[in-house]
2 protein chains.
Amino acid sequence: MVEKILVADDHGIVRYGLMMMIRKIRPDVLVEEAQDYSIVLEMAKKTPYDLYILDVSMPNGSFLNAYTLLKKYSPQCKILIFSSLDEEIYAMRYIESGADGFLNKLASEQEMQNALEKIFNNGKYVSDAVKDSLVFYKKSKSKGRQLDQLSNREIAIANMLVSGKSLKEISQELHLHVSTVSTYKTRIFEKLQIQSLPDLIKVLDLNN
Amino acid sequence: MVEKILVADDHGIVRYGLMMMIRKIRPDVLVEEAQDYSIVLEMAKKTPYDLYILDVSMPNGSFLNAYTLLKKYSPQCKILIFSSLDEEIYAMRYIESGADGFLNKLASEQEMQNALEKIFNNGKYVSDAVKDSLVFYKKSKSKGRQLDQLSNREIAIANMLVSGKSLKEISQELHLHVSTVSTYKTRIFEKLQIQSLPDLIKVLDLNN
DNA sequence: ATGTATTGTCGTAAATTTACTACATAAGTA
DNA sequence: TACTTATGTAGTAAATTTACGACAATACAT
């Protein structure tokens, strides 16, 4: 049973909304908040939570890194991704990376309550739309959208590049060698058949 | 005095959070919600609101268009932009376009409550940071947009950069030394107070 | 099950970009 | 007008990024 929840999102209003909603659904659980990855990890280290509701695109960290540590602190914890990314593209990626659920911010209050209810019980959730696309996910992934050509790591790095981070910054953030990040960049450009950062921005904007 | 509010955002949790927060601060006001521009306009047409809290990046419409119509339906209405865009870059643009306030989603619960309180009373709000940059903004240049700060040459080069050209390419095209182009780039970044190419793209898009 | 393609990761050398510094000229201002 | 600031332009050294080449570990298809 879920008893302690940590809500993490850089937008204050989102944290507020989530906390209010959770308290309404489960008045008895303890809900706390964090606004970036580093704070999440800090709080989790001190006292592990049963459920983490994370906006993946937060400052000071990355999902992959956070995931590893959170599971280390409390292996049985649940992680729900709460994101504004297109769920049909990203949901499965995160689930495969270990998340226990994916909920899009576009969701209505009702959907969100359903999702939370479900997670409070069995700890798993994806929307029906995602389930549907999952059916033919494995088959049709040959073509589909351009972004599907990229691996998770590549997508993560593409996003960081688009946000204006330099190779060096990315390498530090992810604890990788600069040349590793450079290779990712090269591969991303190759796969998407582009040759500049502005091109990448266009492609990514197009896909979300 | 504000009596009827329409909260518009495509993210359900944001609407939920805002409505909860408003009801807590002013239990007596009527708050309703909409998830895109077309719904906002439809609702506003039926019954005008005193205050519109709008996320500018919503589907089915644009701020400029919505602004015109909303003011037509009820000229004295207030419009507050509630956005995740960087306020120091975007706030003034929206204020100049007629918005009555700009509030960033990164704000904490407390800050947001302060802002809302203020808006309920005098119908105006921008963060102190924005006010500061406003002072500087008005003082430095008559009014105009950021691009006015750039010289013609700088604008030309900014556009080439945004189109994805490298320093080397630009230098060849313009028959300049690479370091000259580099200096232009540095000055452009300084003047616009940005630090990456993606930032430049945003600024230029804004001033299209 | 086995070979092929993809992914994650580096190292090194070469190419490009940045950070400063400089300076002459044009513009703007007191 | 004299003074200050903005603009167009480079040079050099340092920092960053790119191009390639490698290689182990997966993943995938036959």
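Below, chain A is the first sequence line, B the second, and so on; all start at residue 1.
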K.L.:
Does A:Leu106 have any side-chain contact (heavy atoms from CB on, under 4.5 Å) partners at least two apart in sequence or in another chain, and if so, which?
P.N.:
A:Asn104, B:Asp10, B:His11

K.L.:
A:Lys24: what forms a salt bridge (Lys or Arg N to Asp or Glu O under 4.0 Å) with it, not counting sequence neighbours?
P.N.:
A:Glu109

K.L.:
Applying salt bridge (Lys or Arg N to Asp or Glu O under 4.0 Å), can you list everything that pairs with A:Glu173, at least two apart in sequence or on another chain?
P.N.:
A:Lys165

K.L.:
Name all residues meeting the side-chain contact (heavy atoms from CB on, under 4.5 Å) criterion together with A:Val31; count only those two or more places apart in sequence or in a different chain, and write none if there are none.
P.N.:
A:Ile5, A:Val7, A:Met19, A:Ile22, A:Arg23, A:Val29

K.L.:
What does the list of N/O pairs under 3.5 Å between the protein and nucleotides 3-8 of chain C look like, with a distance for each?
P.N.:
unit_1, atom_1, unit_2, atom_2, d
C:dT7, OP2, A:Lys191, NZ, 2.5
C:dG8, OP2, A:Ser151, OG, 2.6
C:dG8, N7, A:Arg187, NH1, 2.7
C:dG8, O6, A:Arg187, NH2, 3.1

K.L.:
B:Gln110: which residues meet the side-chain contact (heavy atoms from CB on, under 4.5 Å) condition with it, sequence neighbours left out?
P.N.:
B:Ser108, B:Gln113, B:Asn114

K.L.:
Report the residues that fulfil side-chain contact (heavy atoms from CB on, under 4.5 Å) with B:Ser62, sequence neighbours left out, ordered by chain and then residue number.
P.N.:
B:Leu64, B:Asn65

K.L.:
Round to the nearest Å and state the distance from B:Ile155 atom CD1 to D:dA6 atom P.
P.N.:
16 Å

K.L.:
Grab the CD-P distance between B:Gln172 and D:dA10 for me, whole Å please.
P.N.:
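Whole-Å distance recorded here is 13 Å.
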
K.L.:
Mind calculating the distance between CD1 (B:Ile188) and C1' (D:dT7) to the nearest angstrom?
P.N.:
12 Å

K.L.:
How would you list, by chain and number, every residue that makes a side-chain hydrogen bond (donor to acceptor under 3.5 Å, both in side chains) with A:Ser179, sequence neighbours excluded?
P.N.:
A:His177

K.L.:
Listing request: all ring-ring contact (aromatic ring centres under 6.0 Å, His included) pairs with a residue in residues 59-84 of chain A, at least two apart in sequence or in separate chains.
P.N.:
A:Phe63-A:Tyr67, A:Phe63-A:Tyr94

K.L.:
Can you check the B:Ile194 CD1 to C:dT18 C1' distance for me, whole Å?
P.N.:
15 Å

K.L.:
So, do A:Leu80 and A:Tyr52 sit near enough that their side-chain heavy atoms are less than 4.5 Å apart?
P.N.:
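Sidechains of A:Tyr52 and A:Leu80: no contact.
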
K.L.:
Do nucleotides 12-17 of chain C as a string where each nucleotide becomes B, S or -: B if the base has a protein heavy atom under 4.0 Å, S if just the sugar-phosphate does, - if no protein is that close.
P.N.:
B---SS

K.L.:
Using atom CG of A:Leu174 as one end and atom C1' of C:dT9 as the other, report the distance to the nearest whole Å.
P.N.:
12 Å

K.L.:
Just wondering, do A:Ile13 and B:Met21 contact through their side chains at under 4.5 Å, heavy atoms?
P.N.:
yes

K.L.:
Residues two or more places apart in sequence or in another chain: which of them pass salt bridge (Lys or Arg N to Asp or Glu O under 4.0 Å) with B:Glu117?
P.N.:
B:Arg26

K.L.:
Five pairs per end, C1' atoms only: what is the angle between the end axes of the helix from C:dA1-D:dT30 to C:dA30-D:dT1, to 10 degrees?
P.N.:
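Axis-to-axis angle, ends of the helix: 50°.
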
